[in-house]
2 protein chains.
Amino acid sequence: MELNEGKNKFIEAWGIFGSEWGINRTMAQIHALLLVSAEPLSTEDIMEELNVSRGNVNMNTRDLIAWGIVSRVLKKGERREFFQADKDIYKVAIKILNERRKRELGPVLEALKDLKQVKGTTLEAKEFKKVVADISSFGESADKMISRMTKADENWFTGSLMKFLIK
Amino acid sequence: MELNEGKNKFIEAWGIFGSEWGINRTMAQIHALLLVSAEPLSTEDIMEELNVSRGNVNMNTRDLIAWGIVSRVLKKGERREFFQADKDIYKVAIKILNERRKRELGPVLEALKDLKQVKGTTLEAKEFKKVVADISSFGESADKMISRMTKADENWFTGSLMKFLIK
DNA sequence: ACAAACTTTCAATTTATTTTGAAAGTTTAA
DNA sequence: TTAAACTTTCAAAATAAATTGAAAGTTTGT
């Protein structure tokens, strides 16, 4: 398989995978493209490679930067900015997990906290409280776990945790 | 807060959370509704409670059943079927993770396996191969981890793993 | 066998999300 | 200060995803 064919397949696969997990296809594709580029790319490069508009590239590179998995780089003698992806996939995974924890898990945990205050002693009310308490506790655990992973050594995934988990 | 208000807030929150993770809102809402219902609910009950059509309820309950987190129950003397959610949130989380592993991670890992066969010894080709190998290895690890979690005792999450991970 | 009760399907519609592209904004160099 | 080079914005358009609802299909009791 030629390098270019490989890159395209990778970009396609990453785009699909991303969209299955609630990340928009173009963002995932830009990320994929940057992952497999030896050199940082400009907005124009990305537009051309993926056939998407300038606005689209601009919005999605901004988002990728906000996620902390892509950074702007400046080439000397060049006016425009280039983009480059963090290629350490462990770091990337943890950053994504941690961002999602903050953005999505946080609000749910807040909502659940409120819901613990429903009144009533009927069977129904008790069931409700039990479910809310369980989900809440589970969510708090996941939240703590991700926080801890974030702080831990970058090799956590291949370290003792993995030894514990993998055959 | 009244029980009903609580239920509605829960359903809303779960719906949003689900859609952020690539699960359609109605499916997440039906799941939420079943989670907080003391009794199994019929298609009609769900239609009424969530204001959605029969076809929608039918499709999404089927899906929830396919995910293994909702089951049909029959009440004696009743002809129609009722639905009930598995309320053990640990089991639910693991089933969802495992289904997604099979459905979404699997195909990506396959694609990555192919991509290891790109030819070329240029810097670019080497970088590409490195990224693919890294993601592949990471993916395989995650895959194994989830498989293992699935098989493990249902209390794994509160067991030694959690003790290891949580403060 | 029949019909009532119930479930499933799917083409058409609606709703939500993503993308475009041109205009406005900003920065840089001379 | 000016203009070229570049970035950002956002309303409109395009695309994708979810939903409807009526018709078709199935099951059950008599």
Side-chain angles (χ1 to χ4, degrees), chain A residues 11-34 40-67 70-84 100 103-104, chain B residues 11-34 40-67 70-84 100 103-104:
Chain A
I11 289 165
E12 194 191 337
W14 208 236
I16 292 172
F17 189 64
S19 61
E20 285 167 338
W21 288 83
I23 283 143
N24 94 49
R25 213 179 70 250
T26 304
M27 200 194 305
Q29 286 182 338
I30 293 176
H31 184 229
L33 174 61
L34 293 174
L41 302 181
S42 68
T43 298
E44 301 267 348
D45 294 335
I46 298 169
M47 286 170 62
E48 191 171 322
E49 200 73 43
L50 302 179
N51 278 116
V52 290
S53 71
R54 181 176 301 282
N56 200 357
V57 171
N58 181 264
M59 282 180 158
N60 285 121
T61 46
R62 284 166 121 268
D63 274 359
L64 286 166
I65 290 166
W67 282 76
V70 161
S71 50
R72 297 181 204 271
V73 299
L74 297 170
K75 287 189 182 174
K76 51 188 167 189
E78 284 274 13
R79 180 130 158 215
R80 63 212 155 131
E81 359 187 77
F82 292 77
F83 302 97
Q84 134 185 293
R100 299 196 81 158
R103 295 181 195 191
E104 296 152 12
Chain B
I11 291 166
E12 193 191 338
W14 209 236
I16 292 171
F17 189 63
S19 62
E20 285 167 338
W21 287 83
I23 283 143
N24 93 48
R25 214 180 68 249
T26 304
M27 199 193 306
Q29 286 182 338
I30 293 176
H31 184 228
L33 174 61
L34 293 174
L41 302 181
S42 68
T43 298
E44 301 266 347
D45 294 335
I46 298 169
M47 286 168 65
E48 191 171 322
E49 200 73 43
L50 302 178
N51 279 115
V52 291
S53 72
R54 182 176 302 283
N56 197 356
V57 171
N58 183 264
M59 283 180 157
N60 286 119
T61 48
R62 283 166 121 269
D63 275 359
L64 285 166
I65 290 166
W67 283 74
V70 161
S71 50
R72 296 180 205 271
V73 300
L74 297 170
K75 286 188 184 176
K76 52 188 166 189
E78 284 271 17
R79 182 130 158 216
R80 65 214 155 129
E81 355 184 80
F82 292 77
F83 303 96
Q84 131 187 296
R100 300 196 81 158
R103 297 182 193 189
E104 295 152 12

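So that the names make sense, note that chain A is the first sequence line, chain B the second, and so on, each numbered from 1. Side chains are part of it too, since the values below use all heavy atoms of this structure and drop only hydrogens, waters and symmetry mates.
- In this structure, the helix from C:dA1-D:dT30 to C:dA30-D:dT1 shows an angle of 20° between the axis at its start and the axis at its end, each fitted on 5 base pairs and rounded to 10°.
- For B:Arg79, there are no salt bridge (charged side-chain N to carboxylate O under 4.0 Å, His left out) partners, not counting sequence neighbours.
- When DNA chain C is scanned in the 5' to 3' direction for atoms under 4.0 Å from non-hydrogen atoms of chain B, the outermost contacting nucleotides are C:dA4 to C:dC10.
- Partners of B:Arg103 by salt bridge (charged side-chain N to carboxylate O under 4.0 Å, His left out), not counting sequence neighbours, listed by chain and number: B:Glu99.
- Interface residues of residues 14-23 of chain B facing DNA chain D, ordered by number: none; criterion, heavy-atom separation under 4.0 Å.
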With 3.5 Å as the limit, what N/O pairs link the protein to nucleotides 19-21 of chain D?
unit_1, atom_1, unit_2, atom_2, d
D:dT19, OP1, B:Thr26, OG1, 2.5
D:dT19, OP2, B:Asn24, OD1, 3.4
D:dT19, OP2, B:Thr26, OG1, 2.9
D:dT19, O5', B:Asn56, ND2, 3.3
D:dT20, OP2, B:Ser53, N, 2.6
D:dT20, OP2, B:Ser53, OG, 3.0
D:dT20, OP2, B:Asn56, ND2, 3.1

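- Residues passing the side chain to side chain donor-acceptor pair (under 3.5 Å) test with A:Asp63: none are found, sequence neighbours excluded.
- By the side chain to side chain contact (heavy atoms under 4.5 Å, CB included) test, B:Arg72 pairs with B:Ile65, B:Glu81, B:Phe83, sequence neighbours left out.
- Counting any heavy atom pair closer than 4.0 Å across all strands shown, B:Arg80 reaches sugar-phosphate atoms only and no base atom.
- Counting non-hydrogen atoms of other residues, nucleotides and ligands closer than 6.0 Å to CZ of B:Arg25 gives a total of 12 or fewer.
- Here B:Leu50 contributes atom CG and B:Ile30 contributes atom CD1; the two are 6.0 Å apart, rounded to the nearest 0.5 Å.
- Side chains of B:Leu41 and B:Leu33 form a contact here, defined as non-hydrogen atoms less than 4.5 Å apart.
- One N or O on the side chain of B:Asp45 and one on the backbone of B:Ser42 form a donor-acceptor pair closer than 3.5 Å.
- Scored by the side chain to side chain contact (heavy atoms under 4.5 Å, CB included) test, B:Asn56 finds B:Thr26, B:Val52, B:Ser53, B:Asn60 as partners (sequence neighbours excluded).
- Residues passing the salt bridge (charged side-chain N to carboxylate O under 4.0 Å, His left out) test with A:Glu48, sequence neighbours excluded: none.
- In this structure A:Met47 satisfies the side chain to side chain contact (heavy atoms under 4.5 Å, CB included) test together with A:Thr43, A:Arg54, A:Val57, sequence neighbours excluded.
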N/O donor-acceptor pairs under 3.5 Å from side chains in residues 11-23 of chain A, not counting sequence neighbours:
unit_1, atom_1, unit_2, atom_2, d
A:Trp14, NE1, A:His31, ND1, 3.3
A:Ser19, OG, A:Gly15, O, 3.3
A:Ser19, OG, A:Ile16, O, 2.9
A:Trp21, NE1, B:Glu104, OE1, 3.0

